[in-house]
Number of protein chains: 2
Amino acid sequence: MTTPLEKARKDPESMKARILDCARRIFGQYGFHGTTTRMIAQAVGIDISTLHYHWGGKKDLYESVVVDINKDLRQKLIEVEKAIHGLPLSERLDISIDLTTDYLFEHPEISNLILFRYFGKTRSNGNIDSIIPEFAADIARSMGLAQDKKNVAPETMMKVLAVMNSIHNFISGEGFFQDMVKVERERYIALVKETLKFIHIPAFTQSDAK
Amino acid sequence: MTTPLEKARKDPESMKARILDCARRIFGQYGFHGTTTRMIAQAVGIDISTLHYHWGGKKDLYESVVVDINKDLRQKLIEVEKAIHGLPLSERLDISIDLTTDYLFEHPEISNLILFRYFGKTRSNGNIDSIIPEFAADIARSMGLAQDKKNVAPETMMKVLAVMNSIHNFISGEGFFQDMVKVERERYIALVKETLKFIHIPAFTQSDAK
DNA sequence: CTGTGATTCAATCATTTGATGGATATGAAA
DNA sequence: TTTCATATCCATCAAATGATTGAATCACAG
């Protein structure tokens, strides 16, 4: 049986998919409470009731969005993992940062939504991010910091979180930070990669040598 | 002339101050749109109209909160700067991380609010964080990465942002991350410090040696 | 005690917002 | 053509929410 989300992903031109795309972007910019169903409907160019017809309600739509971005991110991480397989650690980090950063700059709503879920509370909260720890564990393994996905040491988990978050920060805070350093977009993206490598590569390669 | 905010800070028992305290906490947890004036009033134990009497309106109160936390953070940064003055870089980092982390874990709403302002949009946005770039420049100077507060290189600014953000991340994401690594609060705080030092000290000391 | 300004609250308003019901259109199947 | 499921919109509702008004209460100087 196909869920509404699978149906939407199958045909990107369908109304379901168009709504989902706009919802991703707007929920990412304004968060759950900062977004109104009317804002999304207007962005799609439809009536609110059409939105409700396809996705049930605001909360249902939001949860679909979260599942959707998690799916996309997981897909990308698998891709990155393949690209770096077998390389030495410093190169793995270098390439991972390049690929992930490029991808997220093209889909900033992913970083936006993830940070919103980390740092903000929703007045009625269910937890639909049980997949995130799995991401972190996957990354830990693919970076050679853990043997298997189960039983990743807390220290390792924290290091992986630090790397993931620092990337999301620069993507999601682009508006704020770019204005702060007063550079154009292309330059900002280059600066982000440079800074991430400056910060993270010494830490992990040093501990590797020990 | 004294602003309402100065008046509130003078007498911590005053109604103005009590409202401001609760507002800090709740705006920090739920963000601007996720917070209702009724939530704040209930937390203080007063009527909504009393809140309006003292602070004008939701937006005014929110802006006062932002100014207030920026003031607190600035104060703390000056304090930290004094404590590390003259020490070698790796020790400056070590101590800065300890002091700042301890302080922010005691006042998590500071990290919460700052991240909300970085990553989220408010439907009607004015920018009242013109002070943040100044923080970054201050830190850059006090870490010996820049000569004067004016003309801090973009590369340097980005590095400082990376450090600041990584701290805020672990404070503000405590609920999420602590659950992820499955440890108690004290252990989590220790892990945060350890991880921050692991990540940042090699980067800056290595480039220092070059 | 009295008067006066400051403070607080109950009641209420206007707007926003999530949601629904019913009418209409479209197109495929019978 | 008729029938029926799908899809869309218009009108509207009920609750939530930011804000205001006016009366009651308090603090305290005179």
Side-chain angles (χ1 to χ4, degrees), chain A residues 1-8 10-24 26-27 29-66 120-126, chain B residues 1-8 10-24 26-27 29-66 120-126:
Chain A
M1 182 220 144
T2 56
T3 67
L5 208 141
E6 284 160 357
K7 209 148 74 180
K10 201 175 291 179
D11 176 9
E13 291 309 310
S14 70
M15 182 56 71
K16 271 193 168 51
R18 285 170 54 207
I19 295 173
L20 194 68
D21 277 353
C22 288
R24 271 174 68 137
I26 299 180
F27 275 131
Q29 287 181 325
Y30 298 96
F32 180 77
H33 289 296
T35 300
T36 69
T37 54
R38 282 168 176 82
M39 287 163 70
I40 298 171
Q42 189 179 19
V44 185
I46 57 169
D47 190 89
I48 351 165
S49 50
T50 303
L51 185 151
H52 278 79
Y53 173 77
H54 285 287
W55 290 105
K58 185 186 182 184
K59 200 156 175 52
D60 307 278
L61 176 54
Y62 178 70
E63 296 193 353
S64 296
V65 164
V66 173
K121 284 184 177 145
T122 311
R123 271 174 255 163
S124 65
N125 244 336
Chain B
M1 181 216 144
T2 56
T3 66
L5 209 141
E6 284 160 358
K7 209 146 79 183
K10 202 176 292 179
D11 176 10
E13 291 309 311
S14 71
M15 183 56 74
K16 270 191 168 51
R18 284 171 55 206
I19 295 174
L20 193 69
D21 277 352
C22 288
R24 272 173 67 138
I26 299 180
F27 275 130
Q29 287 182 324
Y30 298 96
F32 180 77
H33 290 296
T35 300
T36 68
T37 53
R38 281 169 175 80
M39 286 164 71
I40 298 172
Q42 190 180 19
V44 185
I46 57 170
D47 190 88
I48 353 165
S49 49
T50 303
L51 187 150
H52 279 79
Y53 173 77
H54 285 286
W55 289 105
K58 185 187 181 183
K59 201 156 175 48
D60 306 278
L61 176 54
Y62 177 70
E63 297 194 352
S64 295
V65 164
V66 173
K121 285 184 178 143
T122 312
R123 272 175 254 163
S124 65
N125 242 338

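Numbered from 1 within each chain, the chains take letters A, B, ... in sequence-line order.
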Tell me whether the side-chain N/O atoms of B:Tyr53 come closer than 4.0 Å to OP1 or OP2 in C:dT8.
no
field: Distance below 4.0 Å between B:His52 side-chain N/O and C:dT8 OP1 or OP2
entry: no
Rounded interatomic separation in angstrom, taking [atom1] from [X] and [atom2] from [N]:
{"X": "A:Phe27", "N": "C:dT17", "atom1": "CZ", "atom2": "P", "result": "13 Å"}
{"X": "B:Asp47", "N": "C:dA10", "atom1": "CG", "atom2": "P", "result": "6 Å"}
{"X": "B:Gln42", "N": "C:dA10", "atom1": "CD", "atom2": "C1'", "result": "16 Å"}
{"X": "A:Trp55", "N": "C:dA19", "atom1": "CH2", "atom2": "P", "result": "15 Å"}
{"X": "A:Phe32", "N": "C:dT17", "atom1": "CZ", "atom2": "C1'", "result": "12 Å"}
{"X": "B:His33", "N": "C:dT16", "atom1": "NE2", "atom2": "P", "result": "14 Å"}

d(A:Tyr53 OH, A:Ile19 CD1) to nearest 0.5 Å is 11.0 Å
Heavy-atom nearest pair, B:Val44 first then B:Arg18, reads O-NH2, 3.2 Å
In the 5' to 3' direction, the nucleotides of DNA chain D bounding the stretch that comes under 4.0 Å of a heavy atom in chain A are D:dT6 to D:dT17
Under 4.0 Å between any heavy atoms, over every strand shown, what does B:Thr36 touch: base, sugar-phosphate, or nothing? Just pick one. sugar-phosphate
Contacts of B:Arg123 and B:Ile48 projected onto DNA chain C by closest heavy atom; the upstream (5') one is B:Ile48
For DNA chain D, the dot-bracket notation using Watson-Crick and G-U wobble pairs below 3.5 Å, [ ] for pseudoknot-type crossings and | for other-strand pairs, is ||||||||||||||||||||||||||||||
Sidechain-backbone polar pair: A:Arg38 side chain, A:Ile48 backbone, donor-acceptor under 3.5 Å: no
With the side chain defined as heavy atoms from C-beta on, B:Thr50 is closest, among C:dT17, C:dT12, C:dT8, to C:dT8
*So, do B:Lys58 and B:Phe32 sit near enough that their side-chain heavy atoms are less than 4.5 Å apart?*
yes
